[in-house]
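Report on one structure; see the data block that follows.
Atom set for the values below is all heavy atoms of this structure, side chains included, hydrogens, waters and symmetry mates excluded. Residues take their numbers from the sequence shown, with the count starting at 1.
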Amino acid sequence: MTSGEEPGRTPDTRRAHDLDTWVRSLCAFTVASVAAYASYIHQRDFAVQGGADPVSAALWPLSVDGLLLLSTIGLLKQQDELSRRTRWSIRTAFLLGIAVSLAANIAAAPTMQWKPVLVAGWPPVALLLSVELLIHSPDTPPKPAHPTDRPGPQNPSTTQETDLFKKARGIDTRHRERHQRPASAETLRKELHIGATRSRELTAEIRRSIDCGQAYPDQADKHADTGS
């Protein structure tokens, strides 16, 4: 495996993912281009109907489409990198631009019948849907499931018991160094603030670990330092 290559991704998987990304991007660009052209024509006619001069009418659609372009770029960014206020502002600007564009396109329809309204109002709707599809498309292909990749359920009580045993071994180690004898169950009970039954169980577990030849942490460090 080369450096930087993601585990679990074969060359065929990467090629399929790259092809899917190119196809989605090309389709979205085509839809956006057609929608932008049709929307520009309709918005220019709407501006003329609203009393704008030819130059203003030609520039007015750019203010709407420019806002849509900026907000679309913001929507396609990683949302985790943006603050909540920024995400809200981008989403609001995009929806506002779509609303103005849709209203202008519908108002520019020759008649208020369903066919002219559908033809005039479809471009901004198509742009909205294409952006939404790009936003919610997965960036990476799903990795094949593997039994060893699935983390097992974690039991909080087991973790607590393990930590308690480590603390008990540490107390026993210090007690052996200071008093040359193992810590008693009563010592563990007082140090760990646990019940008498649990302290006796810990004492027995420590004895068993010693009998199995498991070294204490400090003893392992000393062996590693001396190279023994």
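Judged by distance alone, with hydrogens and angles left aside, the side-chain atoms of Ser101 form no donor-acceptor pair with the main-chain N or O of Gly97 at under 3.5 Å. His42 places a side-chain N or O within donor-acceptor distance of the main-chain N or O of Ala38, the cut-off being under 3.5 Å. Remark: the backbone N or O of Ile206 is paired with a side-chain donor or acceptor of Ser209 at under 3.5 angstrom. Of the possible donor and acceptor atoms, one in the side chain of Asp172 sits under 3.5 Å from a partner among the backbone N and O of Ala183.
Salt-bridge formation is not detected for the pair Arg174/Glu177: no Lys NZ or Arg NE/NH1/NH2 atom is positioned less than 4.0 Å from an Asp or Glu carboxylate oxygen.
Annotation for Ala57 and Pro61: closest pair O-CD, 3.0 Å, computed over non-hydrogen atoms. Counting all heavy atoms, side chain and backbone alike, Phe94 lies closest to Leu68 at O-CD2, 3.5 Å. Summarising the geometry of Asp45 relative to Ala108, their closest heavy-atom pair is CB-CB, 4.4 Å, with the distance given to 0.1 Å. Nearest heavy atom pair, residue Thr187 against residue Ser184, reads OG1-OG, 3.0 Å.
At a threshold of 4.5 Å between non-hydrogen side-chain atoms, the residues Arg207 and Pro182 count as touching. Taking 4.5 Å as the limit, every side-chain heavy atom of Val119 sits out of range of all side-chain heavy atoms of Pro116.
Note on Phe46 and Ile106: separate hydrophobic clusters, where clusters join Ile, Leu, Val, Met, Phe, Trp and Tyr whose side-chain heavy atoms are under 4.5 Å apart, directly or indirectly. Placement of Leu102 and Tyr37 in two distinct hydrophobic clusters is found when ILVMFWY residues are connected by side-chain heavy-atom separations under 4.5 Å, directly or transitively. Ile90 and Leu69 sit in two unconnected hydrophobic clusters of ILVMFWY residues. Membership requires side-chain heavy atoms under 4.5 Å apart, directly or through other members. Under a hydrophobic-cluster definition in which Ile, Leu, Val, Met, Phe, Trp and Tyr are linked whenever side-chain heavy atoms come within less than 4.5 Å, directly or via other members, Trp88 and Leu75 are assigned to different clusters. No continuous path of ILVMFWY side-chain contacts below 4.5 Å connects Val125 to Val31, so the two sit in separate hydrophobic clusters.
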Inset, instruction - Start with the C-alpha gap between Glu186 and Ser199, add the side-chain angles, then the distance that decides, and say whether side chain to side chain contact (heavy atoms under 4.5 Å, CB included) holds. - result: CA-CA 7 Å; Glu186 181 66 17; Ser199 64; over 6 Å; no
Inset, instruction - With side chain to side chain contact (heavy atoms under 4.5 Å, CB included) as the test, would you mind laying out the steps for Val64 and Trp60 before giving the verdict? - result: CA-CA 7 Å; Val64 179; Trp60 188 83; 4.1 Å; yes
Inset, instruction - Just do the salt bridge (charged side-chain N to carboxylate O under 4.0 Å, His left out) check on Lys167 and Asp163 with the steps written out, would you? - result: CA-CA 6 Å; Lys167 292 179 181 179; Asp163 294 340; over 6 Å; no
Legend entry - Steps toward side chain to side chain contact (heavy atoms under 4.5 Å, CB included) verdict (Leu202, Leu192): CA-CA 11 Å; Leu202 286 174; Leu192 298 175; 3.8 Å; yes
Inset, instruction - Run the numbers on Tyr40 and Leu62 for side chain to side chain contact (heavy atoms under 4.5 Å, CB included), then give the verdict. - result: CA-CA 8 Å; Tyr40 176 85; Leu62 299 180; 4.2 Å; yes
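Here the CG atom belonging to Leu96 is positioned 12.0 Å from the OG atom belonging to Ser89, to the nearest 0.5 angstrom. Note that the OG atom of Ser63 and the CG atom of Leu67 stand 8.0 Å from one another [nearest 0.5 Å]. A distance of 10.5 Å separates CD of Gln180 from NE2 of His175, quoted to the nearest 0.5 Å. Atoms CG and CG, on Asn105 and Leu118 in that order, are 12.0 Å from each other to the nearest 0.5 Å. Separation of atoms OG1 (Thr197) and CZ (Arg189) is listed at 11.0 Å; rounding is to 0.5 Å.
Partner Glu205 forms a salt bridge (charged side-chain N to carboxylate O under 4.0 Å, His left out) with one of Arg198, Lys166, Arg200 and no other, that one being Arg198.
Looking at Thr30 and Ser33, their side chains never bring a donor and an acceptor atom within 3.5 Å of each other.
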